[in-house]
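The structure appears below as structure tokens.
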Amino acid sequence: MDEAATRDLLVSLAASLFARGFSVGSAGNISVRLDDGYLMTPTNSSLGRLDAARLSKLGPDFRHLSGDAPSKEVFMHRAMYQARPECGAVVHLHSTMATAVSCLQDVDPGNPIPPLTPYFVMRVGRRMPIVPYYRPGDAAMEPAIHAAALNARAVLLANHGPVVGGKTLTDAVYAAEELEEAAKLFLLLRGANPRLLSGAAVDDLLATFAG
Ligand code: 13P
């Protein structure tokens, strides 16, 4: 896909996320890898009203080249790309259910959401660790995200929200949507005793739908 088409796809996927309430106000940011660098949503922009021509263009070293000033979370995205060579896009949201899970104290910080459904496992993977709280825009979170992302396609920033990688922009958006749905199911089923997917079922999903 050429850069113009990638810009248009990013704008339309972001608008779709915003329209369905996956982000509000100016929350969230999205990036995608290009042959010669990255496109990123500008800082303080609304995912609902992006302008394809004004997206931030970054070089391969993540330095700002053109367009509006990039998200203050550039290093959050860089951590994902550098930890996961297959990663071609990153979506960060403050989506409500995933963020609610990120605030819970009595969950396993290594993997707070158990394998409830196949699509969560297929899109997000075997685990999604929680990274401790850092102020938004605090570059100190980069090594923590990098370390967590070495073993996970998505991480959950405590009291903040998810950071999700994908091979493509569409993959990353689908994974962010599945994560939010899984978080909703997890919260709906708290206090119940749900049947989880077995370890064998999880292995089978990951072998069949290699992520
Ligand atoms: P930016 O507007 O700088 O992208 O920040 C939004 C956000 O989601 C912070 O975590």
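Counting convention: from 1, in listed order, for ligands and their atoms alike.
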Test of proximity, G28 against ligand 1: N or O pairs below 3.5 Å
yes

Where ligand 1 meets H160 - atom numbers and elements under 4.0 angstrom, heavy-atom basis:
10 (O)

Would you say D106 has more than 12 foreign heavy atoms packed within less than 6.0 Å of its CG?
yes

In the protein, what heavy atom is nearest to atom 3 (O) of ligand 1, and what distance, to one decimal place, separates them?
T43 OG1, 2.6 Å

Would you mind running through ligand 1 and noting each atom that sits below 4.0 Å from a heavy atom of S26?
2 (O), 6 (C)

Where's the contact between N29 and ligand 1, heavy-atom distance under 4.0 Å: side chain, backbone, both or neither?
side chain

How about CG on D61, more than 12 heavy atoms from neighbouring residues, nucleotides or ligands closer than 6.0 Å, or not?
yes

Look only at the side chain of D138 and the backbone of M141, and say whether a donor-acceptor pair between them is shorter than 3.5 Å.
no

heavy-atom search around atom 9 (C) of ligand 1 in the protein gives E73 OE2, 3.1 Å

Looking at P60 and D36, what are the two nearest heavy atoms and their distance?
CD-O, 3.6 Å

When the ring planes of F62 and Y81 are compared, do they come out parallel, tilted or perpendicular, using 30° and 60° as the limits?
tilted

For H92, the ligand 1 atoms whose distance to one of its heavy atoms is below 4.0 Å:
8 (O), 10 (O)

Any idea which heavy atoms bring V74 and L58 closest together, and the distance?
CG1-CD1, 4.2 Å

min-distance protein heavy atom vs atom 5 (O) of ligand 1 -> K72 NZ, 3.1 Å

With a 6.0 Å cut-off on the ring centroids, do H92 and H77 count as close?
no

Under 3.5 Å, N or O to N or O, is S71 touching ligand 1 that way?
yes

Of V74, T41, N44, which has the heavy atom at the shortest distance from atom 2 (O) of ligand 1?
N44

